[in-house]
Amino acid sequence: MTGLSFIICQFSICSVAAQKPMSAPKGGKAISDELIGIFFEDINNSADGGLYAELLQNGSFEYSPAERDGWGPGTAWKQIRPGHSLGTMQVRMDKPIHPNNPTYMRLHTERTREFHDYKGWKGFGLQNDGFDGISVKAGEKYDFSAFMRNIGNAKQVRIALVAQRQGWPPRDPRLLAEATLNVDAKDWKQYSAVLTPDSTCQNAALQILVLTVGDLDVDQFSLMPQDTYKGHGLRKDLAQALADLQPKFMRFPGGCVVHGGGDGFWDTYRWKTTIGPKETRRGLKNTWGYHQSMGLGYYEYFQFCEDLGMEPVPILPSGVSCQGTNGGWNMWPTQAQDVVPMSEMDEWVSEAIDLIEWANGDPATNKWAKMRADAGHPKPFNLKYLGIGNEEKISPEFIERFKYIYERVTKAHPEIVIVGTAGPGSHKDNPDYEAGWKLAEELNMPILDEHYYEPNSYFLNKRQYDNYPRDRKTKVYLGEYAAKDKKFIDALAEGLYLLHVERNADVVAMTSYAPLFARKNGTQWNPDMIYYDNERPFLTCSYYVQQLFGQSSGQYFYGDCVSFEGDAAGVVQPQADVHYGQSVILNVKTRRLYVKLCNASADAKRANINLSRFGLKKTATKTVLAGAPDAENNFDQQPITPQKEEVKAKKKFTLDLQPYSFVMLEYQL
């Protein structure tokens, strides 16, 4: 295969892994088998309250009005004093656990007593309701931890997981689980307990009650389910939804999150403050208007990539801010792009080189690699890709800084594939797009990141990659794209467009739909691939189309196996304004053949299929997505889901496609 060296991710399908690789029959075109990946950005509350399994909100008291009007250290907390106990709360920042985590709370308890309406309940303290309530299951174990410092005899602390009672008069909450801690340390010390609720509750709360008079400093509260994805701290159902996509890579942590929230470069995402013990990580204002605790940091991202067999594709800032922050989009064409002085750019070069050494280096000889090993991963993560910048305006200042980083990182680590950016809005009528490609060709950049969000008509009709130069060294990474709605016709439009991308996968090496996640009642951008609340995710129509492409990766494309009745002779590929198409993909390593057909039109279509050159087994799996074009999956119903059946494998046959449908046939060879 010429051009960019594509890496095949391995998945644990025993029957497939045992197959001996085969030779590809004649007529196939070599393509990328890393075509379908995922892009995780902390938008729509995707990390805290989402993929990161932490159940408490603002556990380190670092929320700030700089992040959202009305926020502060006490956000998501409330003072409680059952039994008419007395006390006060005080926000403190002197002598914190760590400079990156400066804010904590001092609890001053003056009196504890038991009141008759609150039988068995007393103490002064705090309550956290999590993210729209805490959802717990009977018999499951939850790990509680907190840092505490006894500075005035307040030794006994009760931890209670409760289901709150409604109505008047007030009554004691229903106890789900509890533990009592003896806090005797005069300096910061982490205390822990395991809570096992006796019943399931979807709207629980956690109470921390000081039972003895005195002063107690508290910080870094956590309540985590023990049952997380592969034990690595991620919410199981959301992580499994991503695993089921069979993605070949993951781009992270953004997106616009990469180059900060527009408050200056102090607010730029820096990977070094997201690793190490959780209490040493620096929380950050999120571009999308909330707080990032960094409990989901670079170590967890890399670990998740390893768990799913994905190539990690971290994106680092380029020394240039997002031009769209603080109303910058309204300043077109000048916009609000800030830049780091060239005299300070070596720091940003080190950011990239140190990350490579953290991910791949030898702990015995490299301090960054030793930090990775100390965190529990002595083996390297085998980083291959590194992105610099995210859809910045391709200004002269950006070009100067990008080249400064690119040339130095490439010299230090020529084995790393650097991913560049084609700017915001990757279309030929966009000057940033033209400037981005000119820079890529000047530097012989291996791969360039294009982004666009468009109405479904764009994806139904555009076929621009058919005309991209075949002799260009720079491949395309379509890093962010989506139709601007989440109806079934939008998913079909994306699927039809991906068929065009797939047959051009000698030019387009990687793609990732965006955004990935969105929390119910916490969404800043629509549409998204996966929506969720505390109980479950719901999978959009676009999710199921992406899943079919993720399941059908391969190394060879065959364009002459399928034709549609009624087309002119020799026309076998989807054309502009023709809303149906096909793709045949061979995976020589897994010995699987995939035939995908999309009909995004209102008329039935008949496809003539000839697979005579392939040695097929007796049966095949047929997967169908079909429904009304305006159908939409949501929390209440999912009218569009894959329908599977086993069918007899035939080498030559016709297949009728109903209007608004997508079909995939999977064969063993």
Side-chain angles (χ1 to χ4, degrees), residues 1-4 6 8 24-37 248 426 447-448 450 452 458-472 474-479 481 483 491-513 545-564 567-588 592-601 605 607-611 613-614 655 657 662-667:
M1 187 179 296
T2 60
L4 185 65
F6 303 118
I8 301 176
K26 292 182 179 180
K29 177 172 68 173
I31 62 170
S32 167
D33 58 4
E34 290 185 332
L35 191 60
I36 304 298
K248 308 306 181 286
S426 300
I447 190 165
L448 191 68
E450 296 187 350
Y452 39 89
Y458 177 94
F459 297 99
L460 287 169
N461 298 312
K462 291 289 286 187
R463 304 289 180 264
Q464 71 268 35
Y465 295 123
D466 288 341
N467 302 315
Y468 268 44
R470 260 48 199 179
D471 58 352
R472 190 158 56 187
T474 305
K475 303 299 180 182
V476 176
Y477 169 29
L478 179 49
Y481 74 97
L492 287 175
E494 293 158 356
L496 187 65
Y497 190 76
L498 279 176
L499 293 177
H500 141 254
V501 170
E502 202 163 43
R503 77 165 179 270
N504 288 288
D506 57 329
V507 169
V508 183
M510 307 161 80
T511 70
S512 49
Y513 180 102
V545 168
Q546 292 287 325
Q547 185 180 56
L548 291 178
F549 280 89
Q551 292 171 346
S552 59
S553 66
Q555 301 81 32
Y556 292 91
F557 168 85
Y558 291 82
D560 59 351
C561 296
V562 180
S563 62
F564 291 92
D567 285 352
V571 177
V572 295
Q573 304 300 351
Q575 305 297 312
D577 301 319
V578 176
H579 298 164
Y580 54 92
Q582 56 84 22
S583 176
V584 177
I585 301 296
L586 172 65
N587 192 316
V588 296
R592 297 287 176 113
L593 182 72
Y594 303 93
V595 179
K596 295 192 288 290
L597 306 106
C598 179
N599 183 10
S601 75
K605 299 295 175 184
N608 298 309
I609 302 172
N610 187 342
L611 306 176
R613 75 190 72 178
F614 304 102
L655 183 66
L657 298 176
F662 195 105
V663 177
M664 185 172 81
L665 298 166
E666 178 182 353
Y667 300 87

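Heavy atoms only: backbone and side chains are in, while hydrogens, waters and symmetry mates are out.
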Side-chain touch [X]/[Y], heavy atoms, less than 4.5 angstrom:
| X | Y | answer |
| --- | --- | --- |
| Phe662 | Leu657 | no |
| Asn504 | Arg470 | yes |
| His500 | Asp466 | yes |
| Ile585 | Ser552 | no |
| Lys475 | Met510 | no |
| Tyr594 | Ser583 | no |
| Arg592 | Gln551 | no |
| Arg613 | Cys561 | yes |

I would like to know whether Asp506 and Phe557 meet side chain to side chain contact (heavy atoms under 4.5 Å, CB included); could you show each step before the answer? CA-CA 9 Å; Asp506 57 329; Phe557 168 85; over 6 Å; no

Smallest separation among heavy atoms of [X] and [Y], with atom names:
| X | Y | result |
| --- | --- | --- |
| Ala607 | Val562 | CB-CG1, 4.0 Å |
| Val545 | Ala491 | CG2-O, 3.7 Å |
| Lys26 | Tyr558 | O-CE2, 3.5 Å |
| Leu460 | Ala600 | CD2-CB, 3.8 Å |
| Lys605 | Ser601 | CE-OG, 3.8 Å |

Tell me, please, which residues at least two apart from Val588 pass side chain to side chain contact (heavy atoms under 4.5 Å, CB included). Met22, Ala24, Gln555, Tyr556, Leu586

For Val501, all residues meeting side chain to side chain contact (heavy atoms under 4.5 Å, CB included), sequence neighbours excluded: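 Result, side chain to side chain contact (heavy atoms under 4.5 Å, CB included) vs Val501: Leu35, Tyr465, Tyr497, Leu498, Val508, Thr511.
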
Looking at Gly581, is its backbone amide N or carbonyl O close enough to the side chain of Lys596 to form a donor-acceptor pair, meaning the two atoms are under 3.5 Å apart? no

Is a side-chain N or O of Glu494 found less than 3.5 angstrom from the main chain of Ala483, in a donor-acceptor match?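 It does hold such a pair.
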
Drop me the distance from [X]'s [atom1] to [Y]'s [atom2], to the nearest 0.5 angstrom.
| X | Y | atom1 | atom2 | result |
| --- | --- | --- | --- | --- |
| Ile609 | Leu655 | CD1 | CG | 5.0 Å |
| Leu665 | Leu597 | CG | CG | 6.5 Å |
| Lys462 | Tyr452 | NZ | OH | 9.0 Å |
| Ser512 | Lys248 | OG | NZ | 13.0 Å |
| Gln547 | Met664 | CD | CE | 8.5 Å |
| Arg463 | Leu499 | CZ | CG | 8.5 Å |

Would Ile36 and Tyr513 count as a side chain to side chain contact (heavy atoms under 4.5 Å, CB included) if you check the C-alpha gap in whole Å, the side-chain angles of each, and the deciding distance to 0.1 Å? CA-CA 9 Å; Ile36 304 298; Tyr513 180 102; over 6 Å; no

Answer with yes or no after comparing the ring centroid distance for Phe564 and Tyr580 against a 6.0 Å cut-off, counting only values under it. yes

